[in-house]
Amino acid sequence: MSWLLDLYHTYQNNQALVGEPQQDHFGNEYTLLPESHSYQVANIEVVITSAGDFYSAQVLPNKGGNTLIPTTIDSASRSGKNPPPHPLQDKLQYVAGDLAEYSQEPERMKMFNDAYMTNLRAWCESDFSNDRVNSIYTYLKKKSLVADLIAHKILFVMDGQLLPKWNRDLTDKYGEKPAIFASLGAVEQTSAFVRFTVHDPGDSVPDVWADKNVYQSFIDYYHQQLPNIGLDYVTGEEMPLTDKHPAKIRYGGDMAKLISGNDTQGYTFRGRFATKDQVATIGYDVSDKGHKALRWLITKQGRNFDGRVFLAWSGAEVTVPQPEDSSLSIFELSDDNLAEADTTDVTNANFAEQFNKALSGYLPKDNLKTQDRVYIMVLDSATPGRMDITYYQTLDKEQYLNRLRQWHTSMVWYLNYGKEKRFWGAPGLRDIADAAFGSRAKSQLLNTSVSRLLKCVVDNAPLPRDLIQQLYWQASRPLTMERWEWEKTISIACSVLRRYYKEEQFTMAIDKEQTDRSFLYGRLLAVADVLESGVLRTENSNRATNALRYMNAFSQRPLSTWKIIEQNLQPYISKLAPQLRTYYQSYFDEINDKLQKTMTDDALDGKYLIGYHSQRFDLYQKKSEDDD
């Protein structure tokens, strides 16, 4: 349970951010939730006067009703036929005392409302009551909510009953579909979630769900009600315990739990323990805060790849570069945007300095923080109800940043992600997986590959050889994908291969002293490709060059395939100006001289891709300089 203790301490270290609204990458609002609170999407907003009278109501749009609500241990994980009520904001079937008059299940609606009102009355009559909550309770005692909402055309009845759903026949008969049905979707009106606030004319107090005085009032009240004091196995302290733990960790509709002990018929603990409490007992405060910190961190900086979440955070400052990110993403997070490197600097001598500068903002700023830790976690769920931590590691922050530095500087390559996204550095881990297997591969395969690569970054583990082979195959088949996708794939493959062959210290700068057979064959293919593509461009032809058409065969039988490419290249050579013909012929002569002793038909290794990509880059750079 060390992960839960780490998350609990993270929550404690960030108390100042509790309840403070933030925005994610998509502009959605989120916050580090207060204790005993959760988020819920509301459908209806009802405004009450301070005297406890109805003031106004409105239907909320689908994404406009995200509401902070107080919860109890039971209501936070409620399910079944008769789920327990939330303390304040809740569904219509709980908060409306007159719903029984408009429902086909009057007894059940009355039971829900009685349970809700009993709990709300206990809060309002406690030493921790709040005036605004009291106003809401005063109004709800009148049992007129449904009637008021019908009168203000928020809810709709037919034959004395709330209309379950809207259909096309009703549109033909009554006109446009009412807003409440658009907000609810397939849910019936009785399940509409209602949030309450209090109208305070001339006062600038926030809405009830954003009022810190209101949620602190409930926290103080509820903590006095918690029973079952015992030993918390996480902190080793005596405190109120819980055997119900939150869901909704990765996103709002996520029902998978990290901790669960309700499998009394299976083999979760049977055979080793008589009851689940013999396995471990966990404090409510620790579980609540730990899970809230985890959800906040995932929303803030986690990476969710089809349900598998990759997350790294620091104990104090929280934000750290994520191990699965590309160099570009890390540059963009730094104060200085260093992503636009000089593309003519083919040795990329400044990258290490730039990357160190990008990481410097995350280093401890004083001796008190030298022991700060970084936590890396991977979450996934095999079933809708169970989640697993598939990887968890803690490192000293400086050690973690050093691992990132080693990874990114060992994979520096000029990456081509498309016309608007080219940069020096290392690709993201998901980009590597996509390049190896294709973006249309099964998510489980891609996620497993990212997890394997994560250990290469964090634990400095060797690159998986099967993944290297897969990248080699994909990059050698340019005609199986669109041109931009192949350009991205081959640049990523070269980046990964550079680390794989790190002893030979390859760079984007062409090494004309290199005598490796595969590397030289790759250079030969690049010269042929650039020569032919130049002629095709002058003819306004988009046809693939012979070098690309035969690239896969060339990687397996280079000598025999080169004879075919060379023969097909002659018509294009004849179209070149004499100066250009001499220019390209000098490259062929130079490479062939080095290949004389090793010119065999054995299959090439990954170094041919590095030779091809760096030689092609060199030729295009020189052509650009000549054009200037």
Side-chain angles (χ1 to χ4, degrees), residues 1-25 28-40 66 68-71 73 76-77 212 215-216 218-219 222-223 232-237 239-242 244-252 254 256-260 280 282-304 309-323 362 369 372-381 387-395 397 400:
M1 290 288 182
S2 61
W3 61 271
L4 188 54
L5 182 62
D6 295 334
L7 288 166
Y8 173 70
H9 287 155
T10 300
Y11 188 98
Q12 298 291 73
N13 292 335
N14 290 276
Q15 287 279 0
L17 297 176
V18 172
E20 294 296 326
Q22 298 171 281
Q23 283 194 337
D24 62 17
H25 301 297
N28 299 319
E29 187 176 292
Y30 72 98
T31 188
L32 179 55
L33 292 169
E35 305 165 55
S36 307
H37 282 71
S38 181
Y39 265 128
Q40 179 68 47
N66 214 18
L68 190 65
I69 67 167
T71 59
I73 292 176
S77 56
K212 293 185 178 181
Y215 68 64
Q216 190 59 52
F218 178 74
I219 292 170
Y222 187 58
H223 279 215
D232 169 43
Y233 278 39
V234 179
T235 62
E237 299 175 4
M239 63 175 65
L241 303 177
T242 182
K244 297 178 181 178
H245 304 276
K248 300 182 181 180
I249 295 171
R250 295 170 296 180
Y251 48 88
D254 184 18
K257 294 184 178 183
L258 276 169
I259 306 174
S260 178
I282 300 175
Y284 168 72
D285 193 47
V286 173
S287 175
D288 187 48
K289 290 181 177 179
H291 282 86
K292 283 178 168 54
L294 180 56
R295 180 176 180 181
W296 174 64
L297 289 167
I298 290 172
T299 306
K300 179 180 174 62
Q301 60 203 52
R303 304 290 184 266
N304 191 333
V309 172
F310 297 82
L311 173 67
W313 78 97
S314 173
E317 290 90 356
V318 175
T319 303
V320 291
Q322 301 298 301
Y362 301 101
K369 294 180 180 178
D372 197 10
R373 308 287 292 175
V374 171
Y375 310 98
I376 303 101
M377 177 184 286
V378 180
L379 298 169
D380 201 0
S381 59
M387 192 185 304
D388 185 27
I389 298 175
T390 61
Y391 180 85
Y392 190 70
Q393 178 71 284
T394 65
L395 295 172
K397 179 183 278 189
Y400 172 71

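Quantities reported herein were computed from a predicted structural model and do not represent experimental measurements.
Just one of I69, V18, T31, I219 meets the side-chain contact (heavy atoms from CB on, under 4.5 Å) condition when paired with H37; it is I219.
Contact check for M377 versus L297: no side-chain heavy atoms found under the 4.5 Å cut-off. Taking 4.5 Å as the limit, every side-chain heavy atom of Q40 sits out of range of all side-chain heavy atoms of T71. Counting heavy atoms from C-beta on, the side chains of I298 and Y251 never come closer than 4.5 Å. Looking at V309 and I249, their side chains never come closer than 4.5 Å, going by heavy atoms from C-beta outward. For the pair K300/L32, no side-chain contact is recorded, criterion being any heavy-atom separation below 4.5 Å from C-beta on. Looking at L7 and W313, their side chains come closer than 4.5 Å, going by heavy atoms from C-beta outward. L311 places none of its side-chain heavy atoms less than 4.5 Å from the side chain of L379. Between D232 and I282, some side-chain heavy-atom pair lies under the 4.5 Å cut-off.
Nearest heavy atoms, Y30 versus Q23: CE2-C, 3.4 Å. Minimum interatomic distance between P323 and A312 (heavy atoms only, all atoms of both residues): CD-CB, 3.6 Å. Between Y375 and Y392, the shortest heavy-atom distance links the atoms CD2-OH, 3.4 Å. Heavy atoms only, all atoms of each residue included: H223 and S36 are closest at NE2-OG, 4.0 Å. Between G19 and Y215 the shortest heavy-atom distance is CA-OH, 3.7 Å. Nearest heavy-atom pair across P21 and E29 is CB-CD, 3.6 Å.
Remark: side-chain polar atoms of E35 are not paired, donor with acceptor, to backbone N or O of K289 under 3.5 angstrom. Of the possible polar contacts, none joining the N14 side chain to the L17 backbone as a donor-acceptor pair under 3.5 Å is found. At least one donor-acceptor pair under 3.5 Å links the side chain of R303 to the backbone N or O of Q301. Of the possible polar contacts, none joining the D288 side chain to the Y284 backbone as a donor-acceptor pair under 3.5 Å is found. Side-chain atoms of Q322 come within 3.5 Å of backbone atoms of V320 as a donor-acceptor pair (strictly under, hydrogens ignored).
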Can you list the steps and then say if N13 with V318 is a side-chain contact (heavy atoms from CB on, under 4.5 Å)?
-> CA-CA 9 Å; N13 292 335; V318 175; over 6 Å; no
Report the C-alpha separation of D254 and M387 in whole Å, then their side-chain angles, then the decisive distance to 0.1 Å, and conclude whether the side-chain contact (heavy atoms from CB on, under 4.5 Å) test is met.
-> CA-CA 10 Å; D254 184 18; M387 192 185 304; 3.2 Å; yes
Any chance you could lay out the side-chain contact (heavy atoms from CB on, under 4.5 Å) test for S314 and Y400, step after step, and finish with the verdict?
-> CA-CA 10 Å; S314 173; Y400 172 71; over 6 Å; no
Full working for side-chain contact (heavy atoms from CB on, under 4.5 Å) between L33 and W296 = CA-CA 8 Å; L33 292 169; W296 174 64; over 6 Å; no
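P246 pairs by the side chain to side chain contact (heavy atoms under 4.5 Å, CB included) definition with S287, H291, not counting sequence neighbours. Residues satisfying the side chain to side chain contact (heavy atoms under 4.5 Å, CB included) test with D388, not counting sequence neighbours, are T390.
Judged as a salt bridge (Lys or Arg N to Asp or Glu O under 4.0 Å), the pairs with a partner in residues 9-21 (not counting sequence neighbours) are, in order, E20-K212.
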